[in-house]
Structures are given as structure tokens and as C-alpha cells.
Amino acid sequence: MGEVRTRFAPSPTGYMHIGNLRTALYAYLIAKSKDGKFVLRIEDTDQDRYVDDAIDVIYKTLKIVGLEHDEGPDIGGDYGPYIQSERKGIYEKYAKELIDKGEAYYCFCSKERLDDLREKNQNKKTPFKYDGHCRSLTEAQVKEKLEAGESYVIRQKMPQTGTTTFKDEVFGKITVENSSLDDNILIKSDGMPTYNFANVIDDHLMDITHVVRGSEYLSSTPKYNLLYKAFGWEIPTYIHLPLILREDGKKLSKREGDASFEDLYYQGYLKEAIINYIALLGWSPGTEQELFTLEELIENFSIRGLSKSPAIFDIEKLKWMNGEYIRKLSLDEFEEVATPYFKEAIKKKEVDYSVLSRLLHTRTEVLSDIPEQLDFVDELPDYDIDLYIHKRMKTNPENALIYLKEVVKVLEGLEAWNFDTIHDSLMELVKKLGAKNGQVLWPVRVALSGKQYTPGGGIELAELLGKEESLKRIKIGIKKLSNI
RNA sequence: GACCCCUUAGUCAAGUGGUUAAGAUACCGCCCUUUCACGGCGGUGACAGGGGUUCGAAUCCCCUAGGGGUCACCA
């Protein structure tokens, strides 16, 4: 067998949902795992749905995640053009060839007649199927209508008996009755091909060896197979992917507000985590490894690991995986990706971002939950003194008051203000008072943050807030506790 | 509705006739510990149901149920 060639063929709708991205990923992996080529083709034959900039979204997304194509509209290649609207003439030629072979025919039925037909079918509760009205037009009749300038489409002529069988690498052999197949439109009245036609022509012309797409195309694949056969072309290897469903078991959709790659990315999910997670939705390496770089995915990918049943997109697991990727970052790398969120969270105060990074590194699953964790920094929130009660720490408002007063004395005397000096002085105090660590440090933490949970404890927060602010907050705590 | 496909814990999943039915996540507990998180250890939890075939079935066959996909001059 020659070189493996796969393609990702999105239609430019301005939105790359997770299912699309995963299809691109698998197509890429299948090609790359066999040293093949990955082609990008834009399927823009629906002029009504054309969206400006949509193609850029596709380029951008593929670039961000590192699925670089070997051929495509932006970089060219030997099989161009790679935009279907620029290939219009090609489809026409092949459609005519099919007509000559008796595998397709002109249809002059008006939209009105078709709508009428559809309505009748609906009343009878039978599925719509073209009635073959124009199938038996004689050559002379066709010629006459053509010359009269009547608008037409070209339809595929389906066999009316027998069955069609095709083999899919994931789903196995699938057989359908030919009589259930509709005479699909190949060329629309505006001269553009439908997807049904264009994908077959282009996949063949571009030497695509493995057709990778979502399983929603499984039921129309017999028609494509018939097309290949009509042309006498070699049938590609079909690889239909199980769908990705959302939590309620429905298909992911933009209209329902389901997350796209972009949404996730801008919410603070790392691209590596997104790719890694979706790679595992519908595919298993067969080992216990779960964390994969793109390189490792290429090395480990095999069609055999693809599953047939749809997978539900579980944001919780993505979160966990994102946390794993964040923890794998160095402190510097973490600071770099987290800085925009630090800026968002802290406006008034000057704080050391490297200290923030140290505190938040293991406490961040998704970057966007950073601000909430830091909401006490700019301003001490108002809090209830019940926060000073902690059973396990053996603290209560009474002893907290005593300890905080001691803490103030110690901290006021500190010259250098850093983690070590604060730590050592407070620990010394703990020892002197004969208290437990928590008895002193819990009240400090509460006084500094006014919160039940914080990234880091009393010492870390004191370091973060600085001497002046820390003492100010502890004194506020003392005041609160004195008022009871 | 018709046709096609799918069905192992809440979720992702391993499993290809003989396993105590992996692992991950989520959840719960314990340890570590100045809260939380991280880390470590442990636990609850699954072969949709019913018939076959077989010495033996999560694995093969049939039926039922549930879910999904498709039925456009959209892709």
C-alpha cells in the first residue's frame, strides 16, 4: 500500500466544537502514526451558510493544538485547490460523466413539487423519498428543457433492488437494502455539489486512503460506496468515529451552548489537556497510560483501540486532567499562564507573582478559578467571628484573641519580612506559649483572609500580604474579638 | 415511523470462551498537615433483561428493552 493520506474536512461555520476537533485529531493521528500525510480541505459548498473568518478559526485552532496539516488552502500542495468552492468545475465534469454512464440524471422538479411531495409523505407518515419523477425523462425531453434554460439538479440513480455492503474499520460490515436509498442530489441548482458528491470526488482526487469522519455519516456511506463503484474507483478505508455526547446523552451543539474548543481554551484549560482528554473519548491505548503528549499519541495510536459506542463529554475528568497538566508545569511556566488571572484578581495591591504562583500551583485545576481563590487579597472581606472556632485546632474566640495579641507583638518586631522569618518567629511563639501550631496559626489565617479556605496558611498569607497589611488585618481581628 | 448502529460502575474505559471483571475519574474514609489543595493508603460501585450454544459466556447466536444516528438543493 502506498502512503497513508487522511483529511480533515470541516465546513466553515465559525465554530470548532469538541467533536470536530477530535475528528481532526484522529485523522491526524492515523496519518502520522503511519508516516502519512494529513490534509486540510474546506467544505464550503453551502453558500448560504458562509461565515466570514470561519476559515481562520479553523487554521487558528489547528495551529494552537499543533495539528499541523501537510497540505491545505493556506499552504498549498499537489492536490489543490483545497477549497471546494474553487473546485466547482471539477464536480460538474464528473457529474456529467455519471449521467453518460446512466448512473445519474437531470432532475427538473421544482422546489414546490418537492415540498408538496414531502408534505404528502408526512401525512402518510412515511419517510420522504424522491419519487423518481425525472428518472425516465427521454434524452430529447432533457435536451429540450435544458435548452429552454430550465433550472435543474443532478441526481444519483440508485439501484432499486439488491443490497449494498461496505466495511468500516470500526463498525465492521454494514449492509443496507438499495431500495431504501434515496436518489440524492449530486449537483445543486446553483451548480455547486452537495457534500454527498463533493466528498467522494475530492477524497478520490486527493488520494485520500482513510476516510475519517463522525458516525453520523454511517448511514449515507452506502451511497458514497455506490458512487465509487459507478466511477470504478478504489474504495477508501472507512473509519467512522463514535459520537461525543453531552451529559444528558444528547449530541453536542453550539445552539445549546455546549463548549467549543475556544470556550474551553479561554476558560483556562490547557491545550495539551484538551487534546489529551478528547483523545481518550472514544479511543483507548489498551494500556494504563492516561497522560499523553501529541507525540506519544502518535506513537501509541491504533485504529483497533477505537470504540463503537458514543462517549459522554465529562467536564469533571477534563478538570482533573487539566490539573495534572498544570502541576506538571514548572513554577515559572505556571506563573506565565496564570499571570492574566492574577491581574484580573488583584488590582489594588502590589503582590509578588512568584509567591502567588507558589501558593496556587497545586491548587488550580482550571486557570479561571484563580480569581475566586484570591478574592480576599485586595480587600479583607467582612467575616463572622464564628470562623475563629475550630474544633480540631482547639480554637475559639477567646483563645484566638489572646494568641493574636501575642502574634502582633512578635510580628511588629520583625525586621525582614519573608516566609522564613515569619515562620521562625511564629513557631518560636507557639513553643513559648505551649500551644499547638494550629491554635496560633488558624486565627492568623482567619484574620488575614476572613475566609474558611485559603491557598496557603497563615504564614504564607502574611508573606503575601506584606507586613503593614498583615498587621492591619490582625488588629481588625483583635478588635472584632474584643467586642464580644 | 422506517433503516442502520450501540449497550461493562455516575462518567471514560480494559476485556476477543475459563480473570477474585483491570485502571482512571467522581464520591467516601484514613494518613500527612497551620485551613484548603497536593501527595500517600484504603473503600463503595458494573457486564441492561430474557432465552439459547458450550463442560464453561461480559465475550458467540436470537428476542426484548433502552440509547443514538440518518432519512434536506446542510455538512
Side-chain angles (χ1 to χ4, degrees), chain A residues 9-11 13 43-46 48-49 107 109 111 114 118 124-129 151-155 168 170-172 174-177 180-182 184-190 192-196 198-199 213-222 240 242-243 245 247 249-251 277 280-290 304-305 307-321 323 327 359-365 373 387 390 392-393 395 423 426-427 430 436-446 449 451-461:
Chain A
S11 65
T13 58
E43 311 228 334
D44 62 343
T45 54
D46 185 0
D48 294 338
R49 291 215 305 185
C107 172
C109 290
K111 191 124 190 155
L114 259 21
R118 215 182 314 268
K124 280 193 289 177
K125 291 223 168 159
T126 54
F128 174 74
K129 199 179 154 204
S151 150
Y152 67 87
V153 300
I154 296 176
R155 285 182 187 272
D168 179 86
V170 176
F171 290 88
I174 294 176
T175 301
V176 296
E177 298 282 335
S180 71
L181 270 18
D182 198 6
N184 271 159
I185 289 174
L186 267 21
I187 301 285
K188 301 184 256 189
S189 55
D190 65 358
M192 278 292 191
T194 57
Y195 166 84
N196 298 318
N199 92 84
R213 52 157 83 114
S215 66
E216 66 265 34
Y217 292 102
L218 214 43
S219 52
S220 33
T221 300
H240 286 92
L243 263 13
L245 273 23
E247 214 125 1
K250 297 273 158 47
K251 222 175 143 179
Y277 176 67
L280 262 21
L281 273 186
W283 174 76
S284 164
T287 64
E288 291 194 357
Q289 183 176 356
E290 277 203 294
R304 199 183 160 277
S307 100
K308 297 180 187 185
S309 38
I312 290 174
F313 184 87
D314 181 15
I315 194 83
E316 291 303 322
K317 182 125 189 199
L318 205 212
K319 272 186 188 159
W320 164 78
M321 192 171 276
R327 272 167 248 137
L359 297 185
L360 289 165
H361 186 52
T362 61
R363 283 173 252 255
T364 302
E365 273 198 319
Q373 298 196 74
L387 267 187
H390 194 287
R392 196 156 57 81
M393 297 299 134
T395 63
H423 175 268
L426 288 182
M427 283 309 168
V430 166
K436 292 184 60 174
N437 289 352
Q439 279 182 302
V440 174
L441 292 168
W442 174 270
V444 172
R445 208 186 52 72
V446 169
S449 68
K451 290 180 76 178
Q452 191 170 187
Y453 308 116
T454 51
I459 299 167
E460 287 90 346
L461 297 188

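Proteins come first, then strands; the chains are lettered A, B, ... in the order of their sequence lines, and each starts at number 1.
If you measure from atom CE of A/Met321 to atom P of B/rA13, you get 12 Å, rounded to the nearest angstrom. Distance CG (A/Asp182) to C1' (B/rC4): 16 Å, rounded to an integer number of Å. Going from atom CG of A/Leu461 over to atom P of B/rA37 covers 15 Å, rounded to whole Å. A/Glu216 has its CD atom 17 Å from the P atom of B/rC74, to the nearest Å. Rounding to whole angstrom units, CH2 of residue A/Trp320 and P of B/rG23 are separated by 14 Å. Note: OH (A/Tyr195) to P (B/rA72) measures 16 Å, nearest angstrom. One atom, OH of A/Tyr152, and another, C1' of B/rC73, lie 13 Å apart when rounded to the nearest Å. Protein atom CG of A/Asn196 is 11 Å distant from nucleotide atom C1' of B/rC73, rounded to whole Å.
Distance check: A/Asp46 CG to A/Met192 CE gives 9.5 Å after rounding to the nearest 0.5 Å. A distance of 6.5 Å separates CZ of A/Arg155 from CG of A/Asp182, quoted to the nearest 0.5 Å. Atom-to-atom distance recorded for A/Met321:CE and A/Glu316:CD is 13.5 Å, nearest 0.5 angstrom. Between atom CD of residue A/Glu290 and atom OH of residue A/Tyr277 there is a gap of 10.5 Å, rounded to the nearest 0.5 Å. In this structure, the separation between CG on A/Asn196 and CG on A/Leu186 is 7.5 Å, given to the nearest 0.5 Å.
Taking only side-chain atoms of A/Glu365, from C-beta outward, the nucleotide of B/rA26, B/rA14, B/rC4 with the closest atom is B/rA26. With B/rC73, B/rA13, B/rU34 as the candidates, the nucleotide lying closest to the side chain of A/Leu114 is B/rC73. Proximity note for A/Glu288 (side chain, C-beta onward) versus B/rU70, B/rG23, B/rC3: the nearest is B/rG23. Nearest to the side chain of A/Thr454, among B/rA24, B/rU35, B/rA37, sits B/rU35.
Nucleic acid contact for A/Leu280: sugar-phosphate only, since backbone atoms but no base atoms lie under 4.0 Å from a heavy atom of the residue. Note on A/Cys107: nothing from the nucleic acid sits closer than 4.0 angstrom, heavy atoms only. At a threshold of 4.0 angstrom between heavy atoms, the contacts of A/Ser180 with the nucleic acid are absent. No engagement by A/Lys451 is indicated, since no non-hydrogen atom pair under 4.0 Å with the nucleic acid exists. Residue-level contact check: A/Glu177 touches neither bases nor backbone, having no heavy atom under 4.0 Å from any strand. No engagement by A/Leu426 is indicated, since no non-hydrogen atom pair under 4.0 Å with the nucleic acid exists. Across all strands, A/Thr287 comes closer than 4.0 Å to no nucleic acid atom at all (heavy-atom distances). When heavy atoms are screened at a 4.0 angstrom cut-off, A/Gly282 is found touching the sugar-phosphate backbone but no base atom. When heavy atoms are screened at a 4.0 angstrom cut-off, A/Gly438 is found touching the sugar-phosphate backbone but no base atom.
The same atom, P, is picked in B/rU35 and in B/rG45; the two are 32 Å apart, to the nearest Å. Rounded to whole Å, the C1' atom of B/rU8 lies 7 Å from the corresponding atom of B/rA58. Comparing the same atom, P, in B/rG49 and in B/rG10 gives a spacing of 13 Å after rounding to whole Å. Taking atom P in both B/rU19 and B/rC36, the straight-line distance is 44 Å, to the nearest Å. Only the C1' atoms considered, B/rA2 is 25 Å distant from B/rC61, to the nearest whole Å. Of the P atoms belonging to B/rG50 and B/rC55, the separation is 22 Å, rounded to the nearest Å. The gap from the C1' atom of B/rC5 to that of B/rG39 amounts to 44 Å, rounded to the nearest Å. One P atom belongs to B/rC6, the other to B/rC60, and the distance between them is 11 Å to the nearest Å.
For the OP1/OP2 pair of B/rC4 and a distance below 4.0 Å, the side-chain nitrogens and oxygens of A/Thr175 include no atom meeting the criterion. Regarding contacts with the backbone of B/rU35, every side-chain N or O of A/Trp442 stays at 4.0 angstrom or more from both OP1 and OP2. Distances shorter than 4.0 Å separate some side-chain N or O of A/Arg327 from OP1 or OP2 on B/rG39. At least one side-chain nitrogen or oxygen of A/Lys188 sits closer than 4.0 Å to the OP1 or OP2 atom of B/rA75. Phosphate contact (OP1/OP2 of B/rU35, side-chain N/O of A/Arg392, threshold under 4.0 Å): present.
Residue side chain A/Ser189 reaches the base of B/rC73 through a donor-acceptor N/O pair under 3.5 Å, judged by distance alone. In terms of polar N and O atoms assigned as donor or acceptor, the side chain of A/Ser11 never comes within less than 3.5 Å of the base of B/rA75 in a complementary pairing. In this model, no side-chain donor or acceptor of A/Tyr453 finds a partner on the base of B/rA37 within 3.5 Å.
In this structure, A/Thr395 contributes its side chain and A/His390 its backbone to a donor-acceptor pair below 3.5 Å. The main-chain N or O of A/His240 is found under 3.5 Å from a side-chain atom of A/Asp168 such that the two form a donor-acceptor pair. In this structure, the side chain of A/Lys188 does not engage the main chain of A/Tyr152 through any donor-acceptor pair within 3.5 Å. Under the 3.5 Å distance criterion, the side-chain polar atoms of A/Trp442 are matched with a main-chain donor or acceptor of A/Leu387.
Tested against A/Thr194 for a side chain to side chain contact (heavy atoms under 4.5 Å, CB included), the candidates A/Ile185, A/Asn199, A/Ile187 yield a single pass: A/Ile185.
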Counting primed atoms plus P, OP1 and OP2 as sugar-phosphate and everything else as base, spell out the protein contacts along nucleotides 6-11 of chain B at 4.0 Å heavy-atom distance: B, S or - for each nucleotide, 5' to 3'. SS--BS
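Paired runs in RNA chain B that reach 3 or more consecutive Watson-Crick or G-U pairs, where each pair keeps both distances under 3.5 Å, cover B:1-7 with B:65-71, B:10-12 with B:23-25, B:27-31 with B:39-43, B:48-52 with B:60-64.
In this model, a donor atom of one side chain and an acceptor atom of the other lie less than 3.5 Å apart for A/Arg445 and A/Thr454.
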